[in-house]
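Chain letters run A, B, ... following the sequence lines, proteins first, then strands; residues in each count from 1. Values below: all heavy atoms of this structure, side chains included; hydrogens, waters and symmetry mates excluded.
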Amino acid sequence: MIGDYTYSEFFSILAMQGFAGLILFSVFVLMALGLAIIFGQMGVINMAHGEFMILGAYVTYLCSTLVTTYLPAFFPYYFFLAMALAFVASFSLGVLVEWVLIRHLYRRPLDTLLATWGLSLVLQQFYRSVFGAREVGVTLPDWMMGSVSVSETIEVPLNGLFVMALTMIIALGVYFIMYRSSWGKRVRAVVQNRVMAGAVGINTKMVDRMTFGLGCGIAGIAGSAFTMIGSTGPTAGQLYIVDTFLVVVFGGAGSLIGTIASAFTISQAQSTMEFFLSGSMAKVLTLLTVVGILMLRPQGLFSLNIRR
Amino acid sequence: MQVNEQLSKDFILSIDSLTVSFDGFKAVNDLSLYVDENEIRVIIGPNGAGKTTVLDLICGRTKATSGSIRFDGLELTKMREHEIVHAGVGRKFQNPSIYEDLTVFENLELSFPKGRSVFGALTFRRDREVIERVEEVAEMIFLKDHLHTDAAILSHGQKQWLEIGMLLIQKPRLLMLDEPVAGMSVAERIKTAELLNTITRNQSVIVIEHDMKFVEDIAHRVTVLHQGKVLSEGSMERVKHDPRVVEVYLGH
Amino acid sequence: MPAAGFLFSKKEWLYFTILAALLLVVMPLAVDVFRLNLIGKYLTYAFVAIGLVLLWGGGGILSLGQGIFFGLGGYCMAMFLKLEASTPAATKIQSTPGIPDFMDWNQITALPSWWQPFYSLTFTIVAIILVPSFFAFVIGAAMFKRRVGGVYFAIITQAVAAILTILIIGQQGYTGGVNGITDLRTLHGWDIRTDSAKLILYFVNALLLIGVLLLAQSVRISKFGRLLIAMRDREDRVRFSGYDVANFKIFIFCLAAAISAIGGAMFTLQVGFMSPSFVGIVPSIEMVIFAAVGGRLSLFGAIYGALLVNAAKTTFSESFPELWLFAMGGLFIAVVMAFPFGLAGVVKDHVEPFFAKALARFSKPSPEPQPQAAE
């Protein structure tokens, strides 16, 4: 017995809350991947990352509304289109922002932090002007609404599985782009020695722009996933930015596996504790634990002893 | 190489079977090195031999994986950086490392060994003793006329001298210099050799240098490092004719 | 760095005189008590901005959690005032008279033990300084001893601000929750809501601010101040000159925290309440912009920056609320991209040379060499 629960009940609760946390996990992973790529590769802290995510969420919302009105037959499949468009929208905005703002601020992380915070305020007000201050929700197609029964007491929501599968595909994709493609080789070359990379004919400016765009685009896909767990409003993204930064730092910046593992730990801890405590205390405890561990091990969980 | 049989207390610095590994790579591998009181020791070796890492280990910037570094009866591997400085070890970095936003005077003043605690720094007064010592050192490092110049606008050579001055004002018992003449003009090199010859008269010094002419000018003994180990050690004359050294380093 | 003169250089004494005259004479004469109280509120943010000039401008350490300390100072003050307002007589309609109203609403029947000491004003004043300093010490010691700095420090402080806000909102029985601690009335029987009290509190606040400015300046011109600059440039060189770098950073972080907390306490006194909306991520990062607009290296700039940005915020959000976030966002971007040294930089690069030229041309002393910033 644990508290008022039998062991099997307790296990079921853990499992259910664990699966319920899958979408949060996916949002964290996708957001953190984007942030980690941008920070790791360019030393830029993007405080507006949450707003890029929300752009994706708004695009998903628009798709859902437009498809319901004009193309009801297509409705069951609109989510795929929405995700693609969310990526394109956030990617394009990212490229634009890089060109206007970020490229002037490389290697000044504290300054990028403040400037992108300013950008996030501008974007929030922009969303409010265009979409209104009210939060909007998305209707999911029927096939994503069900759940699979694993045992008598455990049910897994389908949309959670779907989003998680998708997240894994994207994470693998990022891995291949960064570590297995010739483009990734160029990106890493720029990171290690910008001047030399430029000298051997790599267009470093283009590499930077595309990296930033890619990171933002992934945040857009995170926005699509986000519509399943929360309603979309102008300031919804801001609530996620600190959590996501903690995910990146906790995982040890620059390590893909670390980022995923830390997103998993944090989302699962929060989701599980939410069942036993109030939501706010669960969050306080999770964040406190993470901050506490970071104070003891500032390099994060998965970093190496590197020669200085 | 011959392990010295003398008692370690005769040496100001004795390094015994020192190893440090980064992620499996042994940058310094079972290294032993002994420096006498008032000796000028030059460490040479190809790039990546672990020269700078040895200095990092002595001054506490890098923590050893195993082994011991004894300085004047103290075990340095267990001490923190500022404690090692207080014990009397001064270190100059490879690239001139000075405070560009401050003047030459302020650079030297901050290195003056007084008011090193938080409270001490808050109540520190620029008294006659400080001013005289700063001026004395500035004279030695050829910067007497630039005391109130911002350090940022000094030439590369002058910055190197300033950093050497910042060490001198601490009166260290062991001075470690990482490539003190790198990037200097010929005239500056000559002046620097002259400077080092005056300041090193009653002081133990470890120098890392590539410039062979310069090494011959100042070295009492030379240690050649290769792949984190001592390849050869002795007088410049002896080292120069050691076939292994010729093969990996001098290369002709 | 100022070389000659006591505390300030000659030119800085002139700026100091202008500032003191503006705060102590011009403002009180020029505006009514309502507006003056508003200015007093803005000036409480100037405390935080001064702390940030020391910490960020001086030491290169950017904290995105200064709201933590502003809030802690403010809450300490609010707890004292709330206890004084919650006499059994004043709260006799509650199911448990004699405890703050929000506790009663949350079915709490006895005052928590950690509230007890706040019956004492002496304890409260000590707590206003020491509680935030202690918090800063714990965070600072954990981070700086392990050489965490830069963006990591910024993010961790931001996370701590988030945690504290969620905690305050979540524990509403003990903290007043999202509404904060409201309905504060008297300080030792002296009604702080009257016009005369507001006037007196304005002057107390302004004098404290000037005192803090002098304190901050004395730190800056000491060897400690030069060491901070040195650390910002070459931390390793400072370490290998025999200084325990972490201790210096911890001290300046604690000092900035204590200064912010004084601002927070004065905020509570002048505004009459304290709530989590002054603690969290958004207010904390806005406090950074006060220092940035004024010029991150300038103590005077910090005060003008806090005044200007807050005056603009009030004006904008009254008349064009939808434009305010655009303006604020634009301000962040502009300060980083175009004016890294803020107002102080503009004055130094454009205003001072202009007056120097004018002076040279007429070879006579010219009047007021600085445009008045606020109001």
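Heavy-atom neighbours of Phe137(C) CZ from other residues, nucleotides or ligands within 6.0 Å: at or below the threshold of 12.
Under the side-chain contact (heavy atoms from CB on, under 4.5 Å) criterion, Arg146(C) pairs with Leu296(A), Pro298(A), Val148(C), not counting sequence neighbours.
Residue Glu100(B) touches chain C through both its backbone and its side chain, counting heavy-atom pairs closer than 4.5 Å. Contact of Val245(C) with chain B is not made at all, since no heavy-atom distance falls under 4.5 Å. Using a 4.5 Å cut-off between heavy atoms, Arg91(B) touches chain C through its backbone atoms (N, CA, C, O) alone. Contact annotation for Arg126(B): only side-chain heavy atoms (C-beta onward) come within less than 4.5 Å of a heavy atom of chain C. With a 4.5 angstrom heavy-atom cutoff, Thr123(B) does not touch chain C via any of its atoms. Contact annotation for Glu83(B): neither backbone nor side-chain heavy atoms come within less than 4.5 Å of a heavy atom of chain C. At a 4.5 Å heavy-atom cutoff, the contact between Phe248(C) and chain B is made by backbone and side-chain atoms alike.
Taking chain C as the reference chain and counting heavy-atom pairs below 4.5 Å, the highest number among Leu122(B), Leu167(B), Ile84(B), Ile98(B) is found for Leu122(B). Note: Gly242(C) leads Ala230(C), Ser218(C), Gly242(C) in heavy-atom pairs under 4.5 Å with chain B. No other option in Val219(C), Asp244(C), Asn247(C), Ile250(C) has as many heavy-atom pairs under 4.5 Å with chain B as Asp244(C).
Residues Arg226(C) and Leu110(B) form a side-chain contact, since some pair of their non-hydrogen atoms from C-beta on lies under 4.5 Å apart. Here the side chains of Leu64(C) and Ile156(C) are not in contact, with every heavy-atom distance at 4.5 Å or above.
In summary, the side chains of Ser63(C) and Trp56(C) do not present any donor paired with an acceptor at a separation below 3.5 Å, with no hydrogens or angles considered. With 3.5 Å as the limit, one finds no donor-acceptor pair spanning the side chains of Asn38(B) and Ser204(B).
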Contacts under 3.5 angstrom, residues 140-155 of chain B side chains, donor-acceptor by atom type, not counting sequence neighbours:
{"unit_1": "Thr149(B)", "atom_1": "OG1", "unit_2": "His146(B)", "atom_2": "O", "d": "3.0"}
{"unit_1": "Ser155(B)", "atom_1": "OG", "unit_2": "Gln158(B)", "atom_2": "N", "d": "3.2"}
{"unit_1": "Ser155(B)", "atom_1": "OG", "unit_2": "Gln158(B)", "atom_2": "OE1", "d": "3.4"}

